[in-house]
2 protein chains.
Amino acid sequence: MGDFLKDCLYFTTNRLSRAITKMADEEFAPTGFSPMYGYLLLLVIRDPGSTQKQLADQLDIAPSTLTRFIEKLERKRLVIRTAQGKSVRVYPTENGKTLEDEIRRASNRLHVRYEKILGKETADLLSKELVRSTDQLEAE
Amino acid sequence: MGDFLKDCLYFTTNRLSRAITKMADEEFAPTGFSPMYGYLLLLVIRDPGSTQKQLADQLDIAPSTLTRFIEKLERKRLVIRTAQGKSVRVYPTENGKTLEDEIRRASNRLHVRYEKILGKETADLLSKELVRSTDQLEAE
DNA sequence: TATATTTAGTTGTACATACAAACGAATAAT
DNA sequence: ATTATTCGTTTGTATGTACAACTAAATATA
């Protein structure tokens, strides 16, 4: 029978997810929000005027989830929304832009930290493997 | 700069987690509960009398999370708890035991499904890689 | 033996995330 | 042109998960 947990991709993936999320939360703590919000803000800063659909696609999260994230960033005055037909375009505020550096630093700290443990090569390879597998699972 | 998302293990891991969790939820739907509850029940059936600490360690989740899971299984009359000093031992009920087969079938369906997409070899290797990396990150 | 520390579990609270249903705008079909 | 369909977004609701603070039991230390 073996250990049905360690053989199950559902379990092993979620286990890694919990570990790396914990680490990411710690490194992003100084920014005042969690990693997903950080990355979302970076996306908006890089491509001002993205629609919510585009953002949700890039982050690979459900539209409703993105709505919630954007709402929160808007409440904190880090982004603004403008309706455009059925779409909604999102732009960073000046306030939001000033956070870019701090978020990048948090992201760098996170990378350095896990690369030190796993090795840079291994970490890069693993990430690539995860992207490839997810792409396949989602194409299905 | 590259794509900061696909290079970030935090992001790529959580992305896979969302994909595989969705798949697992679908396959476990006929059992009436979600994959984690299924696996937890299998653990309890395999090792009746495990303490909550042992179960939380095996599932690699926070003790508080396990408390919540067990509470729910208990409300559904699938397990019972007996206090033993400061520990709590968990046993499956007869009701719980009858579910074992159905959970195993769900688990098998999940495995077959993702192995068909990724290839059995690749899937096994990936799972091993995830276990190894998580072990390293947690040893830290 | 009395006190301090560690350990297991619980409770309150919070957050990321999803799905389903609803809604309005855009596009296609008749 | 009217109707039907698709598409992007929002809202209600639910779940998995965690942390911090707490309680109670066990162990170690004084």
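This is a predicted model, so every value here is computed, not measured. Convention: sequence-line order gives letters A, B, ...; per-chain numbering from 1.
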For this session: Using heavy atoms and a sub-4.0 Å distance, could you list which residues of residues 70-90 of chain A are near DNA chain C? By number, please.
Result: A:K72, A:G85, A:K86
Seminar exercise, completed: d(B:E115 CD, B:E121 CD) to nearest 0.5 Å is 9.5 Å
For this session: Answer whether the closest heavy-atom distance between the side chains of B:R46 and A:F4 falls below 4.5 Å.
Result: yes
Problem set entry | salt_bridge(B:E94, B:K97) N-O dist < 4.0 Å | yes
For this session: Remember a base hit wins even if backbone is also touched, and classify B:L66 as base, sugar-phosphate or nothing at under 4.0 Å, heavy atoms.
Result: nothing
Exercise. Quick one: bend of the helix from C:dT1-D:dA30 to C:dT30-D:dA1 from 5 pairs per end, to 10°?
Worked result: 10°
Exercise. Which of residues 9-38 of chain B have a heavy atom under 4.0 Å from DNA chain C?
Worked result: B:R18, B:K22
Problem set entry | Closest nucleotide among D:dT10, D:dG16, D:dG12 to the A:P63 side chain | D:dT10
Exercise. Are B:Y91 and B:I103 grouped together when hydrophobic residues (ILVMFWY) are joined by side-chain heavy atoms under 4.5 angstrom apart?
Worked result: no
For this session: Kindly work out whether a path of hydrophobic side-chain contacts (I/L/V/M/F/W/Y, heavy atoms less than 4.5 Å apart) joins A:I117 to B:V131.
Result: no
For this session: Could you tell me whether A:K22 and B:E138 have a side-chain N and a carboxylate O separated by less than 4.0 Å?
Result: no
Exercise. Do B:Y39 and B:S107 have side-chain atoms, one donor and one acceptor, less than 3.5 Å apart?
Worked result: yes
Seminar exercise, completed: The first and last nucleotides of DNA chain C lying within contact of chain B, meaning any atom under 4.0 Å from one of its heavy atoms, run from C:dT7 to C:dC19
For this session: List the steps and the verdict of salt bridge (charged side-chain N to carboxylate O under 4.0 Å, His left out) for B:E129 and B:R132.
Result: CA-CA 5 Å; B:E129 197 56 35; B:R132 214 172 56 83; 2.9 Å; yes
Exercise. Does a side-chain heavy-atom distance below 4.5 Å link B:D25 with B:S34?
Worked result: yes
Problem set entry | Note, B:V44 side chain near B:L73 side chain (heavy atom, < 4.5 Å) | no
Problem set entry | Side-chain heavy atoms of B:L110 within contact of A:L9, under 4.5 Å | no
Exercise. With sequence neighbours left out, what residues match B:K128 under side-chain contact (heavy atoms from CB on, under 4.5 Å)?
Worked result: none
Exercise. With no hydrogens and no angle check, is any side-chain donor or acceptor of B:S17 less than 3.5 Å from a backbone partner on B:T13?
Worked result: no
Exercise. Can you find a pair of side-chain heavy atoms, one from A:Y114 and one from A:L126, that are under 4.5 Å apart?
Worked result: no
Exercise. Taking DNA chain C as the partner, which of residues 49-59 of chain A come within under 4.0 angstrom of it by heavy atom?
Worked result: none
Exercise. Got A:L99 and A:I45 here, is their nearest side-chain heavy-atom distance under 4.5 Å?
Worked result: no
